[in-house]
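Sequence lines set the chain letters: A, B, ... in the order given, protein chains first and strands last, and positions in each chain run from 1. Worth knowing before you read on, the calculation uses all heavy atoms, side chains too, and leaves out hydrogens, waters and symmetry mates.
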There are 2 protein chains.
Amino acid sequence: MNYSITETSRLTGLSKYTLRYYEKEKLIPKVKRDSKGYRVYTKQDIEWLTFLLNIRQTGMSINKIKQFSQMRFKAETISIRRKMLLEHKENIIEQEKKIQKSMAAIEAKIARYDRYTQLQTEQKNVNMY
Amino acid sequence: MNYSITETSRLTGLSKYTLRYYEKEKLIPKVKRDSKGYRVYTKQDIEWLTFLLNIRQTGMSINKIKQFSQMRFKAETISIRRKMLLEHKENIIEQEKKIQKSMAAIEAKIARYDRYTQLQTEQKNVNMY
DNA sequence: CCTTGCGTTATAGTGCACTCTAAGCTGTAT
DNA sequence: ATACAGCTTAGAGTGCACTATAACGCAAGG
């Protein structure tokens, strides 16, 4: 149920540096400590980090995530948090469009390369006979 | 058929600064100049920039784009360029997966918010009667 | 006792992708 | 003549998100 920083790093894929950085930047609440002063991450911490990772990896800035995270335990902020997530969803949809465009452009270029290569090969074959 | 830096900026959405930067970094070949020494972008320049923008916006690094661009006029590099594009395509597919995960996580959270808000509203209604 | 391993902190450094500044040039308009 | 618009350059500066360093603490094992 509880995890050291090394375990948490392994579980989330975030480096230890990043875990400490996120805490300092208040993306996660102050993590509990053991008798040695070592960080002890709870299941809920892991879950929160996992959620943050999702929105981080799709481009929400540290600053926005910070704002979002700071509202976490205030029920009256739900509508703001909701709005932020909807806004991010819009960004994600934009990203998806860019991905589609990029995919098409890449495939067109590869097709061009292949046509060219095919031509060269045929040319060689002609020369052979 | 030919465009000033301002027009090119408007056409591509890249700032003038970025256009000069991309040229300095060799993402595009040296742009032609007019009698005043001003840049003159051709239709082909615009097309190349548009393609670069596609792969840039889906996260290919300036450095990779530079490598790719430098091979542009060497027929014998086609297979390398092809490989680079396929690799980028893989990255894009990974991004898409992250987007799907993030989308699901956001929707789940919004659903949670809505359930909570709904509960609060019902509570109020109970108190009213 | 001391080395090893695992953590702690504050603070500095890195890499990336721009973005801006300062000083200068050229041709047209007032 | 001079002001203005639009460009040029080299090089400095910015913001972001980490990433690393240095110096230290603690406790278990040889």
Check against salt bridge (Lys or Arg N to Asp or Glu O under 4.0 Å), A:Lys97 and A:Glu94 | CA-CA 5 Å; A:Lys97 284 184 193 152; A:Glu94 278 314 299; 3.2 Å; yes
To the nearest angstrom, how far is A:Glu7 atom CD from C:dG5 atom P?
-> 18 Å
Send over the distance from B:Leu19 CG to D:dG6 P, rounded to a whole Å.
-> 17 Å
Does one side chain, of B:Thr6 or B:Lys16, offer a donor that lies under 3.5 Å from an acceptor on the other?
-> yes
With no hydrogens and no angle check, do the side chains of A:Ser15 and A:Thr18 hold a donor and an acceptor under 3.5 Å apart?
-> yes
Figure out the NZ/P separation between A:Lys32 and C:dG7, and round it to whole Å.
-> 18 Å
What's the CD1-P distance between B:Ile5 and D:dG6, to the nearest Å?
-> 14 Å
Do you know which of A:Arg56, A:Lys64, A:Gln57 makes side-chain contact (heavy atoms from CB on, under 4.5 Å) with A:Met60?
-> A:Lys64
Between CG of A:Leu52 and C1' of D:dC18 the distance, given in whole Å, is 16 Å
Could you list the protein-to-nucleotides 17-21 of chain C atom pairs, N/O on both sides, closer than 3.5 Å?
{"residue": "C:dA17", "atom": "OP1", "partner": "B:Ile62", "partner atom": "N", "Å": "3.3"}
{"residue": "C:dA17", "atom": "OP2", "partner": "B:Ile62", "partner atom": "N", "Å": "3.4"}
{"residue": "C:dC18", "atom": "OP2", "partner": "B:Tyr22", "partner atom": "OH", "Å": "2.8"}
{"residue": "C:dC18", "atom": "OP2", "partner": "B:Arg56", "partner atom": "NE", "Å": "2.9"}

Just checking, any donor-acceptor pair under 3.5 angstrom between side chains of A:Gln100 and A:Gln95?
-> no
Does D:dT8 have OP1 or OP2 sitting under 4.0 Å from an N or O in the side chain of B:Arg39?
-> yes
Parallel, tilted or perpendicular, as decided by the 30° and 60° cut-offs, for the rings of A:Phe68 and A:Phe51 = tilted
When the distance from NZ of A:Lys26 to C1' of D:dA17 is rounded to whole Å, what number comes out?
-> 18 Å
Which letters describe nucleotides 22-29 of chain C, given B = protein heavy atom under 4.0 Å from base, S = only from sugar-phosphate, - = neither?
-> -----S--
Is any NZ, NE, NH1 or NH2 atom of the basic residue among A:Arg82 and B:Asp114 found under 4.0 Å from an Asp or Glu carboxylate oxygen of the other?
-> yes
Compare every heavy atom of A:Ile78 with every heavy atom of B:Thr117, then report the nearest pair and how far apart it is.
-> OG1-CG2, 3.8 Å
For A:Lys16 and D:dC18, what is the distance between atoms NZ and C1' respectively, to the nearest whole Å?
-> 16 Å
Donor-acceptor side-chain pairing of A:Thr42 and A:Asp45 below 3.5 angstrom = yes
Once you round it to whole Å, what is the distance between C1' of D:dC16 and CD1 of A:Ile65?
-> 13 Å
